[in-house]
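In what follows, every chain begins at residue 1, and chains take the letters A, B, ... in the order their sequences are listed.
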Protein chains: 2
Amino acid sequence: MPLTDACHDDGGLRLAAADAGLLADSIRSAGLKVTAPRLAVLRALTDRPHSNADALFGAVHSDLPGTSLQAVYGVLASFGTAGLVRKIEPAGSPALFERRVGDNHHHIVCTRCSVVHDVDCAVGHAPCLTPADALGFDVRAAEVIYWGLCAQCQADTSAP
Amino acid sequence: MPLTDACHDDGGLRLAAADAGLLADSIRSAGLKVTAPRLAVLRALTDRPHSNADALFGAVHSDLPGTSLQAVYGVLASFGTAGLVRKIEPAGSPALFERRVGDNHHHIVCTRCSVVHDVDCAVGHAPCLTPADALGFDVRAAEVIYWGLCAQCQADTSAP
DNA sequence: CAGTTGTTTTGATTGATTCAAAACAATCTG
DNA sequence: CAGATTGTTTTGAATCAATCAAAACAACTG
């Protein structure tokens, strides 16, 4: 019940068109000042979810050449605490960021090419998010990462 | 079926007494040379599962003062590829290591004190390890980390 | 439009981990 | 059991991701 992990749909945040006004609105309504680096990071993240700080810096830097990598880290940190982005940290990878928040979806990562996709929290499987024996813990969240070969890498590997 | 994740018991590896002969045997039967640093790391890991490289270095260093941190990293890497230890990488923490391998158990981490406990893979919940929609991936493993407050930290927090 | 507060830049630093070459030691072979 | 072989450890340096701190700057408030 106190789980962050309820399997419901996201709160209506639609990530399609990265209209500048909408981006500004979501920043403002998270209680943050609207600035060029923030708009640029949020736009880049809309276009390419599951990017790391460096990739976002690359994307942002081409629109907005004055921006520093540290600014990107700062923007991501403020977005994170404001609940505007979610940070995921798959083993062996730098942190990745995505705008899809609020639902607790999971991730599937290719062990060969490292591509990441979202995986919905399967309705009917929600009990999984409660451990067999919580050992007295007050469980607040569950994080699931699936590892495997993506379709493309399966094709590449089976025909060498 | 190809999942690494079947919920079965471990293969008879009992982690109780860290008898030197048994430790040596498991190293040897993994196809590795038996050396003092390897025995020391394996013993330390038996005594304190979920340790990071630095903590293991500390433990090893007191028995075997000549040992370097890099040796510990080397030992852990060879143990990892030999299937003798498992590496877990909870977000925001350095990598942790444990001897309990082969079963795919999960972990529960305290968000306040960072203590880690094992959580068995719940029989009857195994379907959870198959994503709702694998998106064409050949899924090989599923990793689950629960986050919450341990019993101790709940007590400390509720009575400040 | 000026003040306040929060943001970004600049520059340096940390922490975890990895790399590479040389010194060394465990096992294999005779 | 000594010597050869192969793999391991040491030593020392480097990398990558991320964070810290102070000064310069810009967005919202009134």
Side-chain angles (χ1 to χ4, degrees), chain A residues 20-21 23-42 44 50-58 60-61 63-82 84-97 114 116, chain B residues 20-21 23-42 44 50-61 63-82 84-85 87-97 114 116:
Chain A
L23 294 176
D25 287 348
S26 55
I27 294 170
R28 212 177 337 260
S29 56
L32 298 172
K33 288 184 181 173
V34 176
T35 66
R38 285 178 173 173
L39 287 167
V41 168
L42 201 54
H50 311 133
S51 294
N52 62 35
D54 227 49
L56 291 170
F57 171 65
V60 164
H61 199 262
D63 305 6
L64 206 62
T67 313
S68 65
L69 176 59
Q70 287 78 347
V72 174
Y73 275 107
V75 168
L76 291 169
S78 59
F79 283 179
T81 54
L84 225 48
V85 309
R86 178 171 162 196
K87 182 182 188 179
I88 61 175
E89 300 178 58
S93 158
L96 307 178
F97 299 86
S114 299
V116 178
Chain B
L23 294 176
D25 287 349
S26 55
I27 293 169
R28 210 177 339 260
S29 56
L32 298 171
K33 289 183 179 173
V34 177
T35 66
R38 285 179 173 173
L39 286 167
V41 169
L42 202 55
H50 312 131
S51 293
N52 62 34
D54 227 49
L56 291 170
F57 171 64
V60 164
H61 200 260
D63 304 7
L64 206 62
T67 312
S68 66
L69 175 59
Q70 288 78 346
V72 173
Y73 275 106
V75 167
L76 290 170
S78 59
F79 283 0
T81 55
L84 224 50
V85 309
K87 181 182 187 177
I88 61 176
E89 301 178 57
S93 156
L96 307 178
F97 299 86
S114 300
V116 178

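Across all strands, A:S78 comes closer than 4.0 Å to no nucleic acid atom at all (heavy-atom distances). Counting non-hydrogen atoms under 4.0 angstrom, A:A77 reaches nothing in the nucleic acid.
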Between the protein and nucleotides 10-12 of chain C, list every N/O to N/O distance that falls short of 3.5 Å.
residue: C:dG11; atom: O6; partner: A:Q70; partner atom: NE2; Å: 3.4

Report the C-alpha separation of B:H50 and B:I88 in whole Å, then their side-chain angles, then the decisive distance to 0.1 Å, and conclude whether the side-chain contact (heavy atoms from CB on, under 4.5 Å) test is met. CA-CA 8 Å; B:H50 312 131; B:I88 61 176; 4.3 Å; yes
Would A:E89 and B:E89 count as a side-chain contact (heavy atoms from CB on, under 4.5 Å) if you check the C-alpha gap in whole Å, the side-chain angles of each, and the deciding distance to 0.1 Å? CA-CA 9 Å; A:E89 300 178 58; B:E89 301 178 57; over 6 Å; no
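The two residues B:F97 and B:K87 make their nearest non-hydrogen contact at CE2-CG, 3.6 Å. In terms of heavy atoms, B:P90 sits closest to B:L96 at CG-CD1, 4.1 Å. In this structure, A:L69 and A:A53 approach most closely via the heavy-atom pair CD1-O, 4.1 Å. Between A:L39 and A:A24, the shortest heavy-atom distance links the atoms CD2-N, 3.6 Å. Between A:S78 and A:L32, the closest heavy-atom pair is O-CD1, 4.1 Å.
The nucleotide whose nearest atom lies closest to any side-chain atom of A:P37 is, among C:dA16, D:dT10, C:dT8, C:dT8.
In this structure, B:R38 atom CZ and C:dC24 atom C1' are separated by 14 Å, rounded to whole Å. One interatomic measurement links the two molecules: CZ of A:F97 to C1' of D:dA17, which rounds to 11 Å at whole-angstrom precision. Atom CZ in A:F57 sits roughly 15 Å away from atom C1' in D:dC16 (whole-Å rounding). In this structure, B:N52 atom CG and C:dG15 atom P are separated by 13 Å, rounded to whole Å. Distance NZ (B:K87) to P (C:dT17): 7 Å, rounded to an integer number of Å. Between the C1' atom of D:dT19 and the CG atom of A:L76 lies a distance of 14 Å, rounded to the nearest Å. Counting to the nearest Å, the P atom of C:dT17 and the CD atom of A:E89 are 13 Å from each other.
Take B:F57 and apply the ring pair (Phe, Tyr, Trp, His ring centres under 6.0 Å) test, not counting sequence neighbours, and it matches B:H61. With sequence neighbours excluded, the residues forming a salt bridge (charged side-chain N to carboxylate O under 4.0 Å, His left out) with B:D25 are B:R28, listed by chain and number. Under the side chain to side chain contact (heavy atoms under 4.5 Å, CB included) criterion, B:T67 pairs with B:P37, B:V60, B:L64, B:A71, B:V72, sequence neighbours left out.
With the end axes of the helix from C:dC1-D:dG30 to C:dG30-D:dC1 each set by five pairs, the angle from one to the other reads 40° at 10° resolution.
Contact check, B:Y73 against C:dT17: a side-chain N or O comes under 4.0 Å of OP1 or OP2.
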What is the per-nucleotide protein-contact pattern of nucleotides 23-30 of chain D, from the 5' end, where B denotes a base atom under 4.0 Å from a protein heavy atom, S denotes such proximity for sugar-phosphate atoms only, and - denotes neither? ----BS--
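The side-chain heavy atoms of A:P94 and A:D54, taken from C-beta on, include no pair separated by under 4.5 Å.
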